[in-house]
Amino acid sequence: MTLVSPLADGSAPTSSGALSRVLARAGPLLALVLVAAAFALLTGAPARYLSPFNLRVVLSQTVIVAVGAIGMTIIMISGGIDLSVGAAIALTGVVAALALDGSVAPILAIGLAMLVGGAVGVTNGLLITRLRVVPFIATLGMLGIARGVAKWLAHEQTVNVPATWINDLLVTFPRHSWMVFAPGVWLAVVLALVAALVLRQTVFGRHVFAVGSNEAAARACGIAIDRLKLWTYGGAGLLFGLAGVLQMSRLRQGDPTVAIGAELDIIAAVVIGGGSLLGGEGTILGSMVGALIMALLRNGCQQMGWPNYIQEIIIGAIIVIAVALDRLRVRLAE
């Protein structure tokens, strides 16, 4: 998927620029194949690791990061970042659980959680656009605020929820066999397709790329930068709220302490998928591949019996390598 900024100068592509685009397209898919092949061999049981059963497990494990990565991709393309995503997931999961425990209809509980996530996103946007706080600091502060509010609402304990259809969103084997994969997997696919179309085919999408590529030039072209950032952070917040509902579905309870470090996985998925921390680069497809790579890594480490700290070391190293490759790609394009 090639997305071109509306502020491009229209010059003919150089061979190095063409090479950088090839790397951007093929890199995440190549990394996916390499990770799958590596763990298939390391586990000593390729048939089991690559089996349809394990694929269902991996895809279910991918959903929460994938949904979060859709919102994060749009934010990072616009030149921003959101470190509060893990806390937002915890907060909205607690909100959904409290609503269900209070006999609120499941669909309304989901809507309430998403609205709370959207409110967190809009607040981030206001801090960035009105108070001119840099995104890193604004969202870092919101991380603590959202986590604290989640603990306050839940009275620092888990909130059990009654049995509803929400609990089946991430089951490995859905009730209806024709679905093949968990309903949450199909939900993530639909959301990814819609987000990809929005970024590629709409004025909003072109403006997001323009702002991330060169904010000053975008402002000179008449783009309402502050309004765009509010929509970007608010829309991503809605997706983070949905990710919180999915997290609650997996645990069958609202837990204010979950998703600590989830921002690392989500940002890593975007960067591995070709997104740039400098803005102006990224695709939804790449981020979905990045999320799948993260899930394969964690699943492979679990099958190998490696402790959690090994997983964190590997993920941290991958982020550094991905960012270094992104900088190399930028230099090749110059």
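By the rule that hydrophobic residues join a cluster once side-chain heavy atoms approach within less than 4.5 Å of another member, Leu193 and Leu292 end up as members of separate clusters. Val194 and Val63 fall within a single hydrophobic cluster, where Ile, Leu, Val, Met, Phe, Trp and Tyr side chains are chained together by heavy-atom contacts under 4.5 Å. Phe136 and Leu131 fall within the same hydrophobic cluster, defined by Ile, Leu, Val, Met, Phe, Trp and Tyr side-chain heavy atoms under 4.5 Å apart, directly or through other members. Placement of Ile70 and Trp186 within a single hydrophobic cluster is found when ILVMFWY residues are connected by side-chain heavy-atom separations under 4.5 Å, directly or transitively. Leu191 and Ile75 fall within the same hydrophobic cluster, where Ile, Leu, Val, Met, Phe, Trp and Tyr residues are linked whenever their side-chain heavy atoms come under 4.5 Å apart, directly or through other members.
Among residue pairs with one or both ends in residues 50-78, those qualifying as ring-ring contact (aromatic ring centres under 6.0 Å, His included) are Phe53-Phe173; sequence neighbours excluded.
Of all the heavy atoms in Thr232 and Val208, the pair that sits closest is OG1-CG2, 4.3 Å. Looking at every heavy atom in both residues, Val185 comes nearest to Ser60 through CG2-N, 4.2 Å. Listed here is the closest heavy atom pair of Ile267 and Leu83: CD1-CD2, 3.8 Å. The two atoms that bring Ala138 and Leu127 nearest to each other are CB-CB, 4.0 Å, heavy atoms only. Taking both residues in full, the closest heavy atoms of Gly86 and Ala262 are given as CA-CB, 4.0 Å, listed atom of the first, atom of the second, then distance. Residues Ala66 and Met288 share a closest heavy-atom pair of O-CE, 3.2 Å.
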**OP:** Run the numbers on Val133 and Ile128 for side-chain contact (heavy atoms from CB on, under 4.5 Å), then give the verdict.
**Re:** CA-CA 5 Å; Val133 181; Ile128 293 166; 5.6 Å; no

**OP:** Report the C-alpha separation of Met72 and Asp82 in whole Å, then their side-chain angles, then the decisive distance to 0.1 Å, and conclude whether the side-chain contact (heavy atoms from CB on, under 4.5 Å) test is met.
**Re:** CA-CA 7 Å; Met72 189 66 73; Asp82 191 341; 4.0 Å; yes

Original post:
Which is it for Leu126 and Leu230 under the side-chain contact (heavy atoms from CB on, under 4.5 Å) test, yes or no, and what are the steps along the way?
Top reply: CA-CA 7 Å; Leu126 289 172; Leu230 283 174; 3.7 Å; yes

Original post:
Please walk me through it: do Leu187 and Leu169 pass side-chain contact (heavy atoms from CB on, under 4.5 Å)?
Top reply: CA-CA 9 Å; Leu187 176 61; Leu169 290 177; 5.7 Å; no

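Atom CG of Leu50 and atom CG of Leu55 lie 9.0 Å apart (nearest 0.5 Å). Distance check, rounded to the nearest 0.5 Å: CE of Met294 to CG of Leu264 gives 6.0 Å. Summarising the geometry, atom CZ belonging to Phe209 is positioned 9.5 Å from atom CD1 belonging to Ile74; distances are rounded to the nearest 0.5 Å. Note that OG of Ser78 and CD of Glu215 are 9.0 Å apart. Values are rounded to the nearest 0.5 Å. Annotation: the span from Leu251 atom CG to Thr158 atom OG1 amounts to 9.5 Å, rounded to 0.5 Å. To the nearest 0.5 Å, atom OG1 of residue Thr139 and atom CG of residue Asn124 are 6.0 Å apart.
Distance alone, capped at 3.5 Å, is enough to place a donor-acceptor pair between the Arg56 side chain and the Val180 backbone. Of the possible polar contacts, none joining the Ser84 side chain to the Ala87 backbone as a donor-acceptor pair under 3.5 Å is found. Panel note: side chain Tyr233, backbone Ile81; a donor-acceptor pair is recorded below 3.5 Å.
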Acceptor/donor pairs from residues 295-316 side chains to any protein atom, 3.5 angstrom cut, sequence neighbours excluded:
from, atom 1, to, atom 2, distance (Å)
Arg298, NE, Asp265, OD2, 3.0
Arg298, NH1, Gln311, OE1, 2.9
Arg298, NH2, Asp265, OD1, 2.9
Arg298, NH2, Asp265, OD2, 3.1
Asn299, OD1, Asn54, ND2, 3.0
Asn299, OD1, Gln303, NE2, 3.2
Asn299, ND2, Asn54, OD1, 3.4
Gln303, NE2, Asn54, OD1, 3.1

Pair up each side-chain donor or acceptor in residues 242-249 with any protein partner under 3.5 Å, not counting sequence neighbours, and list the distances.
from, atom 1, to, atom 2, distance (Å)
Ser249, OG, Ile166, O, 2.6

Side-chain atoms of residues 142-152: list all donor-acceptor pairs with protein atoms under 3.5 Å, sequence neighbours left out, distances to 0.1 Å.
from, atom 1, to, atom 2, distance (Å)
Arg147, NH1, Pro256, O, 2.9
Arg147, NH1, Val258, O, 2.5
Arg147, NH2, Val258, O, 3.2

Report all side-chain donor-acceptor pairs from residues 88-117 shorter than 3.5 Å, counting only partners two or more places apart or in another chain.
from, atom 1, to, atom 2, distance (Å)
Thr92, OG1, Ala88, O, 2.8
Thr92, OG1, Ile89, O, 3.2

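Residues meeting the ring pair (Phe, Tyr, Trp, His ring centres under 6.0 Å) test with His176, sequence neighbours left out: Trp178.
Atom CZ of Arg175 sits in a sparse spot, with 12 or fewer heavy atoms from other residues, nucleotides or ligands closer than 6.0 Å.
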